[in-house]
**Student:** 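Encoded as structure tokens, here's the structure I'll be asking about.
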Amino acid sequence: MRLERRAHVPLSLAIAAPIGAVVAALILAGLLIALAGVPVFEAYRRMLIGAFGSRLSISETLTRTTPLILTGLAAAVAFRSRVWNIGAEGQFYLGALATAALGSKLGLHLAPLVEIPILMLAGALAGALLLLVPLGLRLKFGVDEVVTTLLLNFVAVLFVSMMIEGPLKDPLAFGWPQSVPILADMALPKLLPRSRLHIGLLVAIGLALVLYFIQSRTRFGLEARAAGLNPQAARFAGVPIGSILVRVALISGGLAGLAGAIEVLGVKGYVTTDLSPGFGYTGVVVAMLAGLNPIGVIVAALFVATMFVGADGMSRAMGVPSFIADVIVALSLLTMLVALLLANYRVRR
Amino acid sequence: MSARALELNGITKRFGALVANDDVTLTLGQGELLALLGENGAGKTTLMNILFGHYTADSGSVAAFGRTLPPGKPRAAIEAGIGMVHQHFALAANLSVIENVIAGTERLGALALNKRAARVKLAALSERFGLTVDPDARVGDLSVGERQRVEILKSLYRDARVLILDEPTAVLTHQEAERLYRTLRGMAEQGLSIIFISHKLHEVLAAADRVVVLRGGKVVAERKAGDTNREELAELMVGRRVARPHRDAQTPGAVALKADRVSVMSGGASLLSDVSFEVRAGETLGVIGVSGNGQSTLGRLVSGLVSPSSGSLDLFGHPVAQFSPRGFVEMGVGRIPEDRNADGAIGEMTIWENAVLERIGEKRFSSGGLVRRGPARAFAAEIIRRFDVRGGGPDTATRLLSGGNMQKLILGRNLITAPKILVAAQPTRGLDEGAVAAVHAEILAARRAGTAVLLISEDLDEVVALADRVQAIVKGRLSPPIPVSDADPRRLGLMMAGAWDEAA
Ligand SMILES: Nc1ncnc2c1ncn2[C@@H]1O[C@H](COP(=O)(O)OP(=O)(O)O)[C@@H](O)[C@H]1O
Ligand SMILES: [Mg+2]
């Protein structure tokens with residue numbers, strides 16, 4: 001038996017692969033749920049209700065989806081050019097901190113319509129700069145960015161922690177380590193009244209579409225893909241690899257930083273060290289599930305958010321630990337890798 | 001050659017509708033060196049995979065030393081004394097030579113125990129067949145030629161008496177290939193029976209006792225190497241007359257490309273030293289050399305990838321100030337890189353993307369940062385049509401093209417713009433006879449149209465066929481030029497050995 005590369009992957013297969021992967025993951029996780037002595041179908045039904053059963057739950061799921069789209073895009077953009085940015089978590093936090101600081105009473109005090117975009121840009125810039133450091137080290141000295149971006153996550157979170165215990169600490173928070181809050185009129189407008197869902201979702205979806213366009217239609221998109229697929233041939237063709245990768249890093253880090261900014265502006269209003277339940281790391285999973293396709297990222301982010309929000313509901317109703325969401329997401333990453341293999345290769349004997 | 005080492009009888013193998021092997025019958029005598037000749041896709045690899053048990057034939061049988069082999073059982077083939085060296089090596093890069101040789105023959109736990117005995121046996125084999133390689137070297141650190149020796153030793157270690165090599169020279173440099181054939185000859189003289197696959201005529205003629213030609217899955221001819229010649233084999237292999245095109249005399253024009261005492265240093269090592277040459281419009285300068293002597297660096301220099309540490313390179317009478325690939329392309333330099341897979345094309349991208357990547361900045365292919373896909377696709381379609389690129393349209397992934405067609409694409413994207421200078425580095429390396437003729441015809445046509453051609457090649461026949469003048473590169477230095485009419489093999493040999501005064 002051998003695996004043989006397919007000449008063309010039919011569109012139907014390309015779409016069936018992720019769906020098949022998710023179904024397989026749900027079946028495998030179902031075995032675990034059954035082991036816990038709970039009826040599997042009922043559990044999954046509760047999960048769906050938990051994620052989509054009411055106006056509130058839908059809005060919660062979409063609120064969760066928003067940062068995942070952005071961190072998913074951050075990973076997808078970088079990975080496509082083989083920049084292994086595992087540091088979206090740190091970039092998220094720096095973006096959040098920059099936004100909170102500038103948007104607070106210590107900050108800019110501009111008109112909201114002017115200031116909100118500036119705050120978002122500031123968050124993006126903070127994230128971008130944090131990724132520029134490891135990329136520079138790679139381009140100059142060949143330092144592996146997998147390691148540096150990963151380790152910078154811890155540095156960034158500790159830095160945030162230092163700032164919110166120190167100069168940016170909210171004096172009115174009864175001693176809790178949290179940052180000064182943004183001014184009330186800096187909060188993002190709600191998408192649904194009386195919910196946490198804000199227009200950040202539209203920003204995220206819009207950016208996914210823009211990114212799709214950039215990748216498929218622009219010269220930069222073409223050169224960035226060439227640089228990722230075969231740097232040597234790209235160099236021969238005159239693609240300025242260094243400057244292309246710098247731009248890729250600015251976009252990737254910027255998206256992760258923006259995710260942090262939007263989470264502060266749209267949901268929390270201030271920064272704590274548990275602002276992100278691992279949005280940065282989960283973004284990697286989202287990107288892989290999406291096959292690095294920006295449009296796919298929207299769908300993958302929605303799926304992952306559904307699992308997490310739904311699992312909370314299921315756990316309350318059935319007593320299954322909500323960790324099952326992590327299991328499903330992790331399993332679906334594994335089954336997705338297998339499905340991609342099967343979609344791209346044919347089994348022969 | 002009394003006893004039969006191998007007998008293949010009526011082998012047929014289909015892949016779907018495609019008949020890869022069609023009723024193939026073949027024998028190999030003991031102590032014989034047999035060449036299996038055929039173009040890409042003729043079914044050579046498939047046949048050998050059946051022989052070795054990797055594939056099962058739809059019909060037919062295989063016998064080794066008079067005993068029929070069970071189909072589809074590589075282990076049985078190994079036990080019958082057959083060893084195979086694949087087109088793509090199957091060695092573990094992070095293990096040592098000796099570990100690679102033993103791996104698979106013993107249980108893992110026994111590995112350390114038997115290393116000493118293995119070492120003795122391996123040394124004896126190396127000695128006997130002249131296959132020198134350090135048993136403790138890490139395979140990942142070895143050159144391609146050395147890795148191939150390890151593959152051969154691995155088969156011999158398992159007591160192979162029949163050795164099959166699939167395109168063994170495809171990845172080797174010229175002198176490595178010659179060394180390999182000397183080794184194979186020696187092995188045959190000592191009684192081993194060998195089949196090697198090739199599509200290179202001169203190798204086959206020089207090395208083999210007998211040649212079997214495969215075309216479209218069928219055996220079309222069988223010749224004693226002494227009773228045939230290049231033209232006949234080429235015709236048998238391709239199925240029609242393929243004459244390599246000839247160069248006509250013409251008077252060259254003004255100097256287009258000129259190097260004046262150019263040196264290139266890298267990390268303290270001198271890659272090119274004091275190199276001078278000039279190429280005129282409508283003229284081809286051939287630079288011959290043994291690999292590792294600076295041909296690659298010279299190619300990279302005139303492609304804009306490396307810049308000189310001293311000396312100057314003039315394009316059309318003006319010294320180049322800024323060395324960059326796009327700068328060279330803009331100035332009208334067509335560039336054929338020596339490694340088409342590593343430098344020339346991005347396999348995962350489409351044909352049209354590869355066609356325009358090096359000139360994506362031109363107005364017709366992008367404006368305002370957006371790629372103009374219509375004109376880009378049309379450009380690719382035009383290359384495909386004019387240069388007869390087969391195997392796909394503008395939107396096909398480039399990796400699906402065969403080597404010859406990929407090379408036609410690379411050639412086409414340069415020549416279609418009528419470059420004033422063409423730098424062709426090893427333009428026909430690894431191509432089959434039909435594709436070589438096509439590439440040569442295009443290079444000659446460019447010269448006829450007034451392009452200054454710098455041909456950098458290890459293939460002496462190619463240089464003699466295409467070039468007007470020849471210079472040899474030795475240890476980064478360039479010999480004085482001689483007209484190709486004076487270039488007999490002895491003289492070229494002396495030039496490549498660095499004995500320029502004797503050659504003059
Ligand atoms: N596993 C396979 N599945 C389908 N077609 C194959 C397979 N292997 C080889 N072929 C086809 O069979 C033909 C002969 O291939 P091959 O034996 O590799 O030729 P060669 O080694 O002479 O270049 C080619 O057309 C090739 O595409
Ligand atoms: Mg083959």
Side-chain angles (χ1 to χ4, degrees), chain A residues 1-11 13-14 79-82 141-142 209-244 247-248 250-251 291-293 340 343-349, chain B residues 15-16 49 54-56 72 299-300 303-306 323-330 335-350 352-362 365-373 376 391-392 395-401 410 413 425:
Chain A
M1 203 181 84
R2 59 184 68 210
L3 287 175
E4 196 175 276
R5 185 84 182 255
R6 275 180 213 272
H8 304 277
V9 180
L11 185 65
L13 206 57
F79 289 3
R80 214 169 119 98
S81 294
R82 312 253 161 114
F141 305 111
L209 298 176
V210 168
L211 226 48
Y212 178 79
F213 180 81
I214 288 178
Q215 289 186 342
S216 59
R217 293 302 167 91
T218 67
R219 174 176 167 184
F220 166 70
L222 185 73
E223 293 188 322
R225 193 152 60 89
L229 289 171
N230 182 344
Q232 195 178 331
R235 194 169 294 120
F236 184 85
V239 173
I241 308 243
S243 84
I244 292 280
R247 278 184 271 170
V248 166
L250 288 176
I251 295 177
L292 307 188
N293 178 321
L340 280 178
N344 286 315
Y345 291 79
R346 190 194 305 275
V347 182
R348 276 201 189 275
R349 44 163 300 113
Chain B
F15 292 115
N49 276 328
H54 281 315
Y55 292 165
T56 36
R300 293 167 62 75
S303 299
L305 287 155
V306 293
F323 280 76
S324 77
R326 290 211 170 137
F328 274 58
V329 171
E330 273 164 31
R335 309 169 309 140
I336 317 289
E338 67 174 6
D339 185 337
R340 57 182 161 272
N341 292 307
D343 291 316
I346 300 173
E348 300 298 317
M349 294 179 86
T350 63
W352 75 260
E353 287 168 327
N354 275 297
V356 301
L357 188 60
E358 65 184 2
R359 44 187 82 248
I360 189 70
E362 291 179 14
F365 297 131
S366 69
S367 66
L370 296 187
V371 176
R372 302 181 62 189
R373 300 200 292 179
D395 286 293
T396 308
T398 307
R399 69 181 159 82
L400 298 174
L401 295 181
I410 294 170
R413 77 177 177 211

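Chain A is the first sequence line, chain B the second, and so forth, proteins listed ahead of strands; every chain is numbered from 1. Note that the coordinates shown come from a computational prediction; the quantities given were computed from them, not determined experimentally.
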**Student:** So for B:Ala342, is it side chain, backbone, both, or neither that comes closer than 4.5 Å to the heavy atoms of chain A?
**Tutor:** both

**Student:** Counting N and O atoms only, with roles assigned by atom type, does the side chain of A:Arg235 sit under 3.5 Å from a partner on the main chain of B:Leu305, one being a donor and the other an acceptor?
**Tutor:** no

**Student:** Check each atom of B:Leu400 against the heavy atoms of chain A and say whether the ones under 4.5 Å are side chain, backbone, both or neither.
**Tutor:** side chain

**Student:** Please state whether the side chain, the backbone, both or neither of B:Arg335 comes within less than 4.5 Å of a heavy atom of chain A.
**Tutor:** both

**Student:** Hey, which of A:Ala234, A:Ala226, A:Ser216, A:Pro231 has the most heavy atom pairs under 4.5 Å with chain B?
**Tutor:** A:Ala226

**Student:** Please report the shortest heavy-atom distance between A:Arg219 and B:Val371, naming the atom on each side.
**Tutor:** N-CG2, 3.5 Å

**Student:** So B:Met349 and A:Asn230, do their side chains get closer than 4.5 Å, heavy atoms only?
**Tutor:** no

**Student:** Among all residues two or more places apart in sequence or in another chain, which pass the ring pair (Phe, Tyr, Trp, His ring centres under 6.0 Å) test with B:Phe323?
**Tutor:** B:Phe328

**Student:** One thing to verify: whether A:Glu223 and B:Arg326 come together as a salt bridge, which I'm taking to mean a side-chain N less than 4.0 angstrom from a carboxylate O.
**Tutor:** yes

**Student:** Taking the side chain as every heavy atom from C-beta outward, state whether A:Phe213 and B:Leu370 have any pair of such atoms under 4.5 Å apart.
**Tutor:** yes

**Student:** Have a look at A:Gln232 and tell me which of B:Asn341, B:Asp343, B:Asp339 forms a side chain to side chain donor-acceptor pair (under 3.5 Å) with it.
**Tutor:** B:Asp343

**Student:** If we define contacts as heavy-atom pairs under 4.5 Å, which of B:Gly392, B:Pro337, B:Ser324 has the most with chain A?
**Tutor:** B:Pro337

**Student:** Over all heavy atoms of both residues, which pair between B:Ala345 and A:Ala233 is shortest? Give the atoms and the distance, please.
**Tutor:** O-CB, 4.0 Å

**Student:** Between B:Pro325 and A:Ala237, what is the shortest heavy-atom contact and its length?
**Tutor:** CB-C, 4.3 Å

